[in-house]
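In what follows, chains are A, B, ... by sequence order, proteins preceding strands, each numbered from 1. Being a predicted model, the structure only gives us computed values, none of them experimental.
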There are 2 protein chains.
Amino acid sequence: MASTDGARATAGRPRLSGSVGESPRLDVIREATALFVAKGYAETTMSEIARNAGLRQSSVYYWFARKEHILQALLEDNRGSLSVAKALHHARDAAAARLYAVLHADAVQLCASPLDFYEFERVARSQPQNFGAFFDDYSELHRLTASIIRQGTESGELRPVDPDVAATAALGLGEGLQRHFRQPLPGLRAYTADEVSSLSADTTLASLLADREALPAVRSQAAGLRAAESTPVENARAESAPAESASAES
Amino acid sequence: MASTDGARATAGRPRLSGSVGESPRLDVIREATALFVAKGYAETTMSEIARNAGLRQSSVYYWFARKEHILQALLEDNRGSLSVAKALHHARDAAAARLYAVLHADAVQLCASPLDFYEFERVARSQPQNFGAFFDDYSELHRLTASIIRQGTESGELRPVDPDVAATAALGLGEGLQRHFRQPLPGLRAYTADEVSSLSADTTLASLLADREALPAVRSQAAGLRAAESTPVENARAESAPAESASAES
DNA sequence: CGCGGTTTCGATAACCTATGGAAAAGGATG
DNA sequence: CATCCTTTTCCATAGGTTATCGAAACCGCG
C-alpha cells in the first residue's frame, strides 16, 4: 500500500533526480496534463511524463498501472456541464434560455478540457470498463438536453422537432466546433473558446427557436442563468492509492 | 524502379505465401482500407496489412515508404463534396438549395469515407508536407461554402450572418455528426449516413434561412440539384511507382 | 541492528515502425 | 547457356513504445 494520495511520503528509495515534488501522484497528473494539452494524449510518452515529474519511466507505473489511468484521473471533472444541465432541467425559466445556457456551458467545458473530446472518446472506447462513467455522463447530458428541448417544443418556444435528434445535433455541433478552437485548421481563422461557445449555442437556438427574433433576449437571459448558477463547485476530489489494484482484465 | 502501378510484375522474388494478387500496390490499399474501416488507422499494424495482402511486413515498405503514405493513397478522392461545391458555386439556383446540397454531400462523404475525419486530420497534421492537399481542399471547401452563404444573405434568402463563421459552424456540425454515425455512443440511438446528412443540412438551414417555412422546398430543390449534378466522376486515378522517392525529410 | 513497509530504479519482454542488405526470380545480351 | 541487370521479396535488426519484475534504497520501529 502507498500513502493515500499526495501525502508526501517520507519513506521510500530516493529519486535519482533528487527532486521531491510534494506528491508523486499529483505531480504526475499535473505534468501529464500539461503534456496532453501541448501534444495530445497519443503523442505523449510515459518517458516524457516521468522526466517532467522527476522520476524514471518505470516508476510512473507504481502510481498508475496503465497510461489510460492517468487520463482517467483527469476525467474526474469532465463534462461539468452536466451539473449545469441537472440544475437547469427543472428550473422555471424559459426552456430556450436554459438550453442556451447548457449548450454554452458544454462548449466552454469542451474547450477548457485538457484533452480533445475525440481523443478522450477514443481512449474511453478502448477501455469501456474503466470509462463507463464517461459514457454514463454523456448519455445523461444527452437525455437532459433532449428533455429541455421537449419542454421548449411543448411550450411553443421551440419549433416542433424530435428532441432526441435535435439534442444529438446540438451536442455534435459543440463537439465539432471545439476542434476548431483547439486545432485551428491552416488557412482558416482561429476562434476563442468564447466565440466557439457562443457560436454553438447561437446556431442551435437559431435553428430551434420558433421566433428567431427572440434570440438576443434568450442569449442575455441565459447569461443571467449562468451568473446565478455559478456556485463554485470546488470539486477537489481526493485521489488515492497507487497502482490501481490491477482490476480484473484488459 | 517498379512497374508503374498494378502492372502485375512478372519479375521479382516470389512470395513465401505463394499468393499473387493482381497488383501488390492496389492489394495493399484494398486490404489496408478494409482494416482501417474495421479498426481505425492507429490500431491497424503494418504486419496485419502485410499478412492480409499476402506478403511480409517489411515488403510493404517497398510499395509505401511510410504507413501514412497508404493513407495518402486513400485520400485521393476525399472530400469529393468539394467538386459539388465548385459546381454549385456559380450556379443560378437559389443559394439556399445549393448550400443544402453542398452540406448534404459533404456529410455523406464524411460518412462514406473509410476513415474517420478526425483520425485523418490527426495524421495529416503530423505530416503537413504530405497532406498539404488535404488542408488546401478543406480551406477551399470552406471558402466556397462561405461564398454561397454570402450570396444567400445578399439575396435575402438567408438571415444576415458572418459567412465565414457560419461556414465553420456548418462544416463543424457535419464533422461532429459523422462521428455519431460512425461510432454510435453507447446508450444513444444509432444513425444512418442519410439521417446524419439530412440532419446536418436541415439544422444548418433551419438556422440560416430567413424564412424557415421554406425549408421543405429548399430540401426538395436540393435533391433536384443533386440528381442533376451526379455526373459520375469516375476518378480512377492511376497510382504509380513504389517507395515514394523518399521525398526530403520527416 | 535487523525488519517490514514504501518508493524508486534497472533490466527486460513484447510489440511497433522503419531500414539495409541479401536472396530469388525474369529478361536481355553475348 | 553463362552472365549481368532489374524487379520484387525476404530476413535481421535498430530504435522507439507500453508494461512487468525483482532488487535496491530509504524510513521508522522494536
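A side-chain donor from one of B:Thr168 and B:His142 sits under 3.5 Å from a side-chain acceptor of the other. Looking only at atom types and distance, the side chain of B:Ser47 has no donor-acceptor partner in the side chain of B:Thr45 under 3.5 Å away.
To the nearest angstrom, P of D:dT8 lies 13 Å from CZ of B:Phe64. For the pair A:Glu43 CD and D:dT18 P, the interatomic distance rounds to 11 Å; values are reported in whole Å. With rounding to whole Å, A:Met46 atom CE is found 10 Å from D:dT20 atom P. Nucleotide C:dA24 holds its C1' atom 15 Å from the CG atom of B:Leu55, rounded to whole Å. Going from atom CZ of B:Arg13 over to atom P of D:dT9 covers 11 Å, rounded to whole Å. Residue B:Tyr61 contributes atom OH, which lies 4 Å from atom C1' of C:dT17 at whole-angstrom precision.
The side chain of B:Trp63 places no N or O atom within less than 4.0 Å of a non-bridging phosphate oxygen (OP1 or OP2) of D:dT8. One finds no side-chain N or O of B:Arg15 lying less than 4.0 angstrom from the OP1 or OP2 phosphate oxygen of D:dC10. In this model, the phosphate group of C:dA18 is approached by a side-chain N or O of B:Arg66 to a distance below 4.0 Å at OP1 or OP2. The phosphate of C:dG10 (OP1 or OP2) has a side-chain N or O of A:Arg56 nearer than 4.0 angstrom. Distances shorter than 4.0 Å separate some side-chain N or O of B:Tyr62 from OP1 or OP2 on D:dT8.
The residue A:Thr45 sits close only to the backbone: its heavy atoms come under 4.0 Å of sugar-phosphate atoms, none of a base.
Residue-to-nucleotide contacts include a donor-acceptor pair under 3.5 Å from the side chain of B:Ser58 to the base of D:dC11.
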ask   = Is there a salt bridge (charged side-chain N to carboxylate O under 4.0 Å, His left out) between B:Glu119 and B:Arg182 once you walk through the steps?
value = CA-CA 12 Å; B:Glu119 203 162 8; B:Arg182 206 176 273 281; over 6 Å; no
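Each of A:Ser47 and B:Ser59 was assigned the nucleotide of DNA chain D with the nearest heavy atom; the assignment lying further toward the 5' end belongs to B:Ser59. Comparing B:Gln57 and A:Gly12, the nucleotide of DNA chain D nearest to each residue sits closer to the 5' end for B:Gln57. Summary of the strand contacts: A:Pro14 and B:Glu68 both lie near DNA chain C, and taking for each the nucleotide with the nearest heavy atom, the more 5' one is attributed to A:Pro14.
Looking at A:Leu177, A:Asp106, A:Val196 one by one, the single match for side chain to side chain contact (heavy atoms under 4.5 Å, CB included) with A:Cys111 turns out to be A:Val196.
Here A:Tyr191 and A:Phe181 keep their ring centres 6.0 angstrom or further from each other.
For B:Lys67, whose side chain is taken as the heavy atoms from C-beta onward, the closest listed nucleotide among C:dA18, D:dA19, C:dT8 is C:dA18.
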